[in-house]
Amino acid sequence: MFAPSTTPVGLAFVPSSRLGRERLRTFRVLAVARVLMALMLLGWLLLLPLLQAAPHAEHPPLAMPGYWVALAYLGQTVLSLWWSFRRTDRLAWQVLVVIAVDLLAFATLQFTAGYPAREFSLIYALPVLAAGIYGTLSLTLFVAALVTLVLLGSAAFALFAGVAEAEPRLLNAAFVGAAYFAVAVLTWQLSQRLARQEARASASEAVARRQMALNQRVIEAQHDGVIVVDQHMVLEALNPAAQQLLDLPWSDAVTARWIGGRKALRDLPVADVVRQEIERMAIDGEEALEVQVRTPSGRKLLLHLSLLDGLPGGTGYLIVLQDLREIDARIQQEKLAAMGRLVASVAHEIRNPLGAIGQANQLAKEFAADPAQLARLHHLIGQNVERINRTVEDVLELGRTAPREVGLMRCAPLLRELHAEFDVPGAGRIGLFIQDDMAQMHFDALHLRRVLVNLLSNARRYASNLPRSIEIRQLGSERVGEIQVSNDGPLIDAELRAQLFEPFRTTSSRGVGLGLYISHELCLRNGARLLYRVEREGTPQARGSFVIQTAPGPEV
């Protein structure tokens, strides 16, 4: 069907989906074919009368009307070819003009050249193919029908004129017309499929271009240096941070980043340390490597090398460069910030008991003659002094948490010892489950005891007095995977779980809030994790548990 009235006339017959970049090249090929067709027609009209006997040999070629038609057609095809290169817009109108000119020229030649009509039956393939490739189905069928009518009209004219063999010519015109209809529909179907494939390819190309632009923007914005090389150590990507960290000359950076990236690492002396590490990783068969290097200018860098396998075109390597001076500066800044928070928390924690001690000291002067009041004030002072002492001891413990060089340890004896220590004999308040009595783990024994003592103290404070209200579970065969300490007490609110392991976070008036923080730090320094987990949450049987997840550790 034709397009709505709001669509330009040209696009009503030639859809915009047929006017892509690839179709423009195809149209130029068609324009060249039309020039060759015009030359062949002109040569045929010139030579055939000279080679034939009477009657045509008696008439000079220049006196024949077909000669001038062919000459004019040659001029139009040359002009159309030139115009297709000069103007790439309004291609729909160029296609329509080509189809109309071809039909008019070929029909005129067929009726004026004076040769049998069968000589011109096949030259109509050009306009039929052009309509099928570029036009709508309506235009394609219209051109095929017009060609068929021309062929049938020529045969009918010969029949009425009494030309010999006119009836076979009429039958031949019908068969050729039917063939043109078949070719037209087939060409239009193939063109439809090609148009859909071009649309999908264009959409994929647009997505790919956008993705490449986004990737480039992301790489350019990275604070760390990013380099990508192929399997032959040729640069494929390089961001400004990598250029600065490697002190890469500006000319080499321009070549690597904007002129195709065909710059090999071996051609960049400043990047020689990177190339050596990549070669070493390839020889060792590693897929990832982290190493510290020093550039020729003396800059210390931390390299993160990764193998990019399965890429189109072969293997590649991703190199991320970090300046160790900046890393050390950030770590130092974080340490100072953490120390500031810790000092502020300690000062706040000590200020309250000091205030209570000062107030009790003032009251002691007033109740000097009352032994009972003095005893109560002395007891209050002693409690606050003990609280300050516990705070100081816990803070000092943070400086003594470096684990010793120890091997694998069995946890079962320590768990049984703590079970006997914390459980009242015969009460059964604490349950113990050990999956494998011989299971081992990498953990400092003193640190593990300190962590478990903190967890059991908290559990005993909040759990009920029912049997097995507290449970200790060791899971894992041969190697300890988890140690769980759970209780049936109130669950920790979800909004408080994110701050559970921060210093001086406590809901107990008897604690200072460093127990879980120190336990968390001890687990981290032994390569393990301490986390809070709720089992069967949302049910009456829900239980909260603190879990020590251990690291596998090296084989011994």
Side-chain angles (χ1 to χ4, degrees), residues 208 211-335 402-403 405 442 524-527 551-556:
Q211 189 63 45
M212 290 178 62
L214 289 175
N215 294 341
Q216 186 65 27
R217 291 288 183 88
V218 171
I219 292 176
E220 295 283 335
Q222 287 294 317
H223 179 72
D224 298 328
V226 178
I227 300 176
V228 179
V229 299
D230 63 11
Q231 57 187 341
H232 303 296
M233 303 293 179
V234 176
L235 284 170
E236 293 186 319
L238 174 75
N239 70 342
Q243 174 188 350
Q244 181 180 359
L245 291 175
L246 291 176
D247 298 312
L248 194 65
W250 183 83
S251 58
D252 292 335
V254 169
T255 303
R257 293 173 57 193
W258 292 294
I259 312 181
R262 307 310 299 173
K263 196 76 174 181
L265 287 182
R266 67 177 64 91
D267 300 329
L268 304 174
V270 294
D272 194 56
V273 291
V274 178
R275 179 185 58 81
Q276 293 176 0
E277 295 300 332
I278 295 177
E279 292 176 349
R280 183 166 67 87
M281 185 177 74
I283 293 174
D284 296 340
E286 299 177 351
E287 295 186 356
L289 180 65
E290 182 175 308
V291 64
Q292 296 183 12
V293 298
R294 186 181 295 272
T295 64
S297 62
R299 191 192 302 268
K300 292 179 63 178
L301 300 178
L302 179 64
L303 301 185
H304 301 272
L305 291 85
S306 303
L307 177 67
L308 303 177
D309 200 5
L311 295 178
T315 303
Y317 297 93
L318 171 66
I319 306 101
V320 179
L321 302 89
Q322 294 179 301
D323 194 339
L324 284 176
R325 293 179 301 179
E326 295 184 3
I327 296 176
D328 294 339
R330 288 198 299 267
I331 293 175
Q332 185 65 22
Q333 186 176 4
E334 292 175 359
K335 287 182 178 179
E405 293 294 333
H442 278 274
L524 289 179
R525 297 183 188 191
N526 283 272
E555 297 289 344
V556 295

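A donor atom on one side chain and an acceptor atom on the other are not found under 3.5 Å apart for N239 and Q243.
The structure places CZ of R325 at 5.0 Å from CZ of R299, a figure rounded to the nearest 0.5 Å. Atom CD of residue E277 and atom OH of residue Y317 lie 13.0 Å apart, to the nearest 0.5 angstrom. Here the straight-line distance linking atom CD1 of I319 with atom CG of L303 works out to 8.5 Å at 0.5 Å rounding. Within the model, atoms CG of D272 and CG of L246 stand 11.0 Å from one another, a figure rounded to the nearest 0.5 Å. Here the straight-line distance linking atom CG of D224 with atom CG of L321 works out to 8.5 Å at 0.5 Å rounding.
Looking at Q276 and R280, their side chains never come closer than 4.5 Å, going by heavy atoms from C-beta outward.
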Name each donor-acceptor pair under 3.5 Å that joins a side chain in residues 304-315 to protein atoms two or more places apart or in another chain, with its distance.
| residue | atom | partner | partner atom | Å |
| --- | --- | --- | --- | --- |
| H304 | ND1 | E290 | OE1 | 3.1 |
| H304 | NE2 | Q322 | OE1 | 2.8 |

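Of the candidates I227, I283, V229, L289, V229 is the only one forming a side chain to side chain contact (heavy atoms under 4.5 Å, CB included) with I278.
For the residue pair M281 and E287, the shortest heavy atom distance occurs at SD-C, 4.3 Å.
Within a 6.0 Å sphere centred on CD of Q244, other residues, nucleotides and ligands contribute 12 heavy atoms or fewer.
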